[in-house]
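All values below were derived from every heavy atom in this structure, side-chain atoms included, with hydrogens, water molecules and symmetry-related copies excluded. Since the structure is predicted, the reported quantities are computational estimates derived from the model, not experimental observations. In this chain, numbering begins with 1 at the start of the sequence shown.
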Amino acid sequence: MRVLQVINSLSAGGAEVFVTNLSVELARQGHKVAVLIYAGILDDKGRDLEEKLSKNNIDLFNLKIK
């Protein structure tokens, strides 16, 4: 299955952490997962989440819309 998760940004919020954790778990189960953010990576926690996605071969698309 291919999954695209869409969220406004990567930051310290609970929804961002949930999307990241769900994406990682889906990828571990063999699904092709990508995450689309439209407002960017906002803080250190967001950079940590970006790294977690990258380490699990999850594509991150950043539209960088403010």
Side-chain angles (χ1 to χ4, degrees):
M1 175 171 47
R2 299 181 90 187
V3 178
L4 175 63
Q5 299 231 59
V6 180
I7 194 160
N8 62 332
S9 65
L10 287 181
S11 64
E16 293 85 350
V17 173
F18 178 80
V19 164
T20 300
N21 290 340
L22 179 58
S23 296
V24 168
E25 185 58 34
L26 288 169
R28 287 181 181 158
Q29 292 181 18
H31 303 290
K32 177 65 177 159
V33 181
V35 175
L36 175 94
I37 57 176
Y38 55 86
I41 298 167
L42 303 181
D43 54 20
D44 289 339
K45 180 65 174 180
R47 285 183 279 285
D48 291 343
L49 296 174
E50 176 188 30
E51 184 177 331
K52 187 173 183 178
L53 293 170
S54 177
K55 284 182 179 179
N56 287 281
N57 297 316
I58 297 168
D59 294 326
L60 176 65
F61 300 98
N62 186 348
L63 299 180
K64 298 179 184 177
I65 297 171
K66 297 288 179 178

**OP:** Drop me the distance from Asp48's CG to Asp43's CG, to the nearest 0.5 angstrom.
**Re:** 8.5 Å

**OP:** Provide the closest heavy-atom pair for Ile41 versus Gly46 in the form atom of the first, atom of the second, distance.
**Re:** CG2-C, 3.5 Å

Original post:
Who passes side chain to side chain donor-acceptor pair (under 3.5 Å) against Asp44, sequence neighbours left out?
Top reply: Arg47

Original post:
Nearest 0.5 Å, what's the OG-CG distance between Ser9 and Asn62?
Top reply: 9.5 Å

Original post:
Same cluster or not: are Val35 and Leu4 linked, directly or through other Ile, Leu, Val, Met, Phe, Trp or Tyr residues, by side-chain heavy atoms under 4.5 angstrom apart?
Top reply: no

Original post:
Between Val33 and Asn56, is a side chain to side chain contact (heavy atoms under 4.5 Å, CB included) present by the stated rule, with each step listed?
Top reply: CA-CA 10 Å; Val33 181; Asn56 287 281; over 6 Å; no

**OP:** Could you tell me which residues satisfy side chain to side chain contact (heavy atoms under 4.5 Å, CB included) with Val17, sequence neighbours excluded, listed by chain and number?
**Re:** Asn21, Lys45, Leu49

**OP:** Quick one: list whatever passes side chain to side chain donor-acceptor pair (under 3.5 Å) with Lys64, sequence neighbours left out.
**Re:** none

Subject >> Partners passing salt bridge (Lys or Arg N to Asp or Glu O under 4.0 Å) against Asp59 (at least two apart in sequence or in another chain) >> reply: Lys32

**OP:** Verify, without hydrogens or angle tests, whether Ser54 (side chain) and Glu50 (backbone) share a donor-acceptor contact under 3.5 angstrom.
**Re:** no

**OP:** Answer with yes or no whether the hydrophobic clustering places Val3 together with Ile58; edges join I, L, V, M, F, W, Y residues whose side-chain heavy atoms lie under 4.5 Å apart.
**Re:** yes

Subject >> Inter- and intrachain pairs under salt bridge (Lys or Arg N to Asp or Glu O under 4.0 Å), touching residues 4-31, at least two apart >> reply: none

Subject >> Shortest non-hydrogen separation from Leu42 to Ala39 and the atoms involved >> reply: CD2-O, 3.6 Å

Original post:
Are any non-hydrogen side-chain atoms of Leu10 and Leu53 less than 4.5 angstrom apart?
Top reply: yes

Original post:
Looking at side-chain heavy atoms only, is the closest gap between Phe61 and Ile37 below 4.5 Å?
Top reply: no

Subject >> Listed partners of Ala15 passing side chain to side chain contact (heavy atoms under 4.5 Å, CB included), at least two apart >> reply: Ile7

Subject >> Path from Leu60 to Tyr38 over hydrophobic side-chain contacts below 4.5 Å >> reply: no

Original post:
Does Phe18 share a hydrophobic cluster with Leu26, counting links as ILVMFWY side-chain heavy atoms below 4.5 Å and allowing steps through other members?
Top reply: yes

